[in-house]
Protein chains: 2
Amino acid sequence: MKRANVQALRKSALIAATIDQIGATGSLEVTVSQIARKAGVSSALAHHYFGSKDQLFLAAMRAILSDFGAEVRAECAGLETPRRRVDAIVRTCFSPGNFRPEVVASWLNFYVLAQTSREAHRLLRVYQRRLHSNLLAELRPVADVRAPQIAQTVGALIDGLYIRQALRNESLDAAASIGLVTDYLDGVLGAKPQDSKDHRP
Amino acid sequence: MKRANVQALRKSALIAATIDQIGATGSLEVTVSQIARKAGVSSALAHHYFGSKDQLFLAAMRAILSDFGAEVRAECAGLETPRRRVDAIVRTCFSPGNFRPEVVASWLNFYVLAQTSREAHRLLRVYQRRLHSNLLAELRPVADVRAPQIAQTVGALIDGLYIRQALRNESLDAAASIGLVTDYLDGVLGAKPQDSKDHRP
DNA sequence: AAAATTATTGATTGACGAGTCAATTAAAAA
DNA sequence: TTTTTAATTGACTCGTCAATCAATAATTTT
């Protein structure tokens with residue numbers, strides 16, 4: 001295998017292991033050794049490639065954020081109406097990939113990390129702003145001046161549903177969460193009957 | 001000073017210091033020594049009274065939770081209509097006491113703690129259930145079968161606005177947060193003109 | 001093949017922090 | 001006053017863990 005690939009392979013294995021381990025323990029108090037073991041390498045190698053534990057955390061954040069961004073773009077591609085694209089964004093937030101317990105737990109912990117780390121803070125703001133501007137762009141045509149407020153409400157609602165998932169609130173799974181947001185949107189925008197069967201009964 | 005009072009005094013000083021310190025560092029990675037110093041006592045004394053760092057964290061959680069509960073009760077007392085009581089609950093969530101940066105940061109960190117600690121998890125569920133049932137009780141008369149879903153949306157929205165506060169999102173202060181929730185309620189319940197001037201322009 | 005580069009790790013260091021304990025001081029009860 | 005009980009702490013123990021480094025193995029380049 002080519003050398004460049006080995007490096008990339010190790011890095012992504014370490015990033016995946018980081019997310020898994022944060023998810024497994026529900027905390028940032030994971031040791032580099034635990035992560036490295038899970039990735040099948042030594043802790044020294046993790047330091048070699050990432051420099052520090054914090055850098056590893058940030059890399060994991062960037063990975064989650066960029067996966068999320070890519071998924072949103074993919075889901076929205078080809079959709080005809082703004083409303084459908086809004087729904088696609090919402091669905092993506094709760095998609096199987098993004099709503100996995102490890103990912104939600106990591107997300108929550110990244111919020112905590114953002115209190116200490118400038119870079120984590122910056123990354124989270126980038127995510128928030130991107131989500132907001134995506135929503136805004138789609139809402140503008142259908143909600144006009146109300147669009148900014150609706151976008152903010154949807155954004156906060158999504159974050160709130162996420163945090164509740166972190167508490168493993170069984171009554172609020174992905175489908176129910178999507179349903180809540182969609183119903184809110186139906187309410188403020190006016191229902192959209194032909195699509196509203198999206199959420200399973 | 002009587003002895004019983006000394007103990008209570010130290011305990012509450014330590015609890016306040018815990019919340020301050022979590023707020024100041026934005027993390028649970030605070031040392032018992034830091035907390036004790038801030039409370040003006042030795043770390044040994046903190047261990048003497050609380051047994052362990054975790055117990056101290058849990059005591060701080062209970063304090064925040066019980067303060068919050070008391071404030072809700074006080075705010076709702078004497079209010080005539082369900083809708084006004086709902087608004088009072090929402091207002092209390094974002095009141096100066098509960099929306100202080102240290103308190104929000106502690107709250108966020110308690111969510112993280114709940115991933116590890118059974119008791120923290122339990123406490124947070126108690127809070128969630130109480131908030132939900134309070135909202136539900138007031139919404140039932142005005143929203144009937146839609147009440148449960150509305151209550152869940154409001155609950156999630158509040159948590160989402162909290163987490164955004166933890167990121168120090170300047171555009172969403174307490175007034176704006178209350179405004180978002182109130183506008184949502186106006187939308188689903190039908191506006192309530194005589195009160196809707198609550199949020200400043 | 002030799003040299004250069006990269007991958008990889010075991011062992012070590014150095015710092016830090018939770019929890020313990022024996023000892024001291026202060027207050028209350030007798 | 002003496003005795004008992006609570007308050008309080010400094011010093012210490014024992015782990016743990018991030019980060020480093022020198023050494024070795026594997027690959028690539030020359």
Side-chain angles (χ1 to χ4, degrees), chain A residues 1-22 24-61 106 109-110 112-113 116-120, chain B residues 1-22 24-61 106 109-110 112-113 116-120:
Chain A
M1 175 167 348
K2 273 181 60 192
R3 281 223 271 235
N5 282 350
V6 173
Q7 172 154 182
L9 213 68
R10 294 286 175 267
K11 280 193 171 184
S12 62
L14 281 163
I15 287 172
T18 302
I19 295 167
D20 280 0
Q21 195 61 22
I22 293 176
T25 70
S27 141
L28 294 177
E29 285 167 43
V30 294
T31 70
V32 176
S33 299
Q34 286 171 343
I35 294 170
R37 193 176 321 128
K38 189 163 257 182
V41 299
S42 72
S43 72
L45 195 68
H47 277 102
H48 176 67
Y49 280 134
F50 287 96
S52 75
K53 191 182 174 182
D54 270 331
Q55 292 298 316
L56 181 51
F57 283 158
L58 292 174
M61 266 185 87
S106 297
N109 276 285
F110 291 154
V112 169
L113 187 60
T116 332
S117 155
R118 287 240 175 297
E119 180 65 3
Chain B
M1 173 165 352
K2 272 184 55 194
R3 283 224 271 233
N5 282 349
V6 172
Q7 172 155 183
L9 213 67
R10 295 284 176 268
K11 281 193 172 184
S12 62
L14 280 164
I15 287 171
T18 301
I19 294 167
D20 280 1
Q21 195 62 21
I22 292 176
T25 70
S27 142
L28 295 177
E29 285 167 44
V30 294
T31 71
V32 176
S33 300
Q34 286 172 341
I35 294 170
R37 193 177 319 128
K38 189 163 255 181
V41 299
S42 73
S43 72
L45 194 69
H47 278 103
H48 176 67
Y49 280 135
F50 287 95
S52 74
K53 191 181 172 181
D54 270 332
Q55 292 298 317
L56 182 51
F57 283 158
L58 292 174
M61 266 185 88
S106 297
N109 277 283
F110 292 155
V112 169
L113 187 60
T116 333
S117 155
R118 288 239 177 298
E119 180 66 3

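Each chain gets a letter, A, B and so on, in the order its sequence line appears, and its residues count up from 1. Worth saying up front: this structure is predicted, and the values here are computed from it rather than measured.
Atoms CD (Gln55(A)) and C1' (dA18(D)) sit 14 Å apart, rounded to a whole Å. Lys53(A) places its NZ atom 8 Å from the P atom of dA19(D), with the value rounded to the nearest Å. Atom pair Leu14(B):CG and dT9(D):P shows a separation of 10 Å (rounding to whole Å applied). Residue Leu28(B) contributes atom CG, which lies 12 Å from atom P of dA18(C) at whole-angstrom precision. Note: CD (Gln7(A)) to P (dT5(C)) measures 16 Å, nearest angstrom. Rounded to whole Å, the distance from CG on Asn5(B) to P on dA6(D) is 15 Å. Atom NE2 of His47(A) is separated from atom P of dA22(D) by 17 Å (rounded to the nearest Å). In this structure, Phe50(B) places its CZ atom 15 Å from C1' of dA7(D), rounding to the nearest Å.
Annotation for Thr116(B) and Gly26(A): closest pair OG1-O, 4.4 Å, computed over non-hydrogen atoms. For Tyr49(A) against Arg10(A), the heavy-atom pair with the smallest separation is CE1-CB, 3.7 Å. Across Met61(A) and Ala120(A), no two heavy atoms sit closer than the pair CE-O, 3.5 Å.
Of the candidate nucleotides dT8(C), dG19(C), dA19(D), dT8(C) has the atom lying nearest to any side-chain atom of His48(A). For Leu45(B), the listed nucleotide lying nearest its side chain is dA7(D); candidates were dA7(D), dG19(C), dT8(C).
At least one donor-acceptor pair closer than 3.5 Å links the side chain of Gln34(B) to the backbone N or O of Thr31(B).
Tyr49(A) comes within 4.0 angstrom of sugar-phosphate atoms only, judged by non-hydrogen atoms across all strands, and of no base.
The C1' atoms of five pairs define one axis at each end of the helix from dA1(C)-dT30(D) to dA30(C)-dT1(D), and these two axes lie 0° apart (to 10°).
Residues from residues 34-44 of chain B that place a heavy atom under 4.0 Å from any atom of DNA chain D, listed by number: Val41(B), Ser42(B), Ala44(B).
Inter-residue side-chain proximity for Ile35(B) and Leu14(B) is flagged as met; some heavy-atom pair is nearer than 4.5 Å. Within the 4.5 Å cutoff, the side chain of Val112(A) has heavy atoms near those of the Asn109(B) side chain. Looking at heavy atoms from C-beta onward, Ile22(A) lies in side-chain contact with Phe57(A) at the 4.5 angstrom threshold. Side-chain contact check for Leu28(B) versus Leu28(A): every heavy-atom pair is 4.5 Å or farther apart. At least one side-chain heavy atom of Ser117(A) sits under 4.5 Å from a side-chain heavy atom of Leu58(A).
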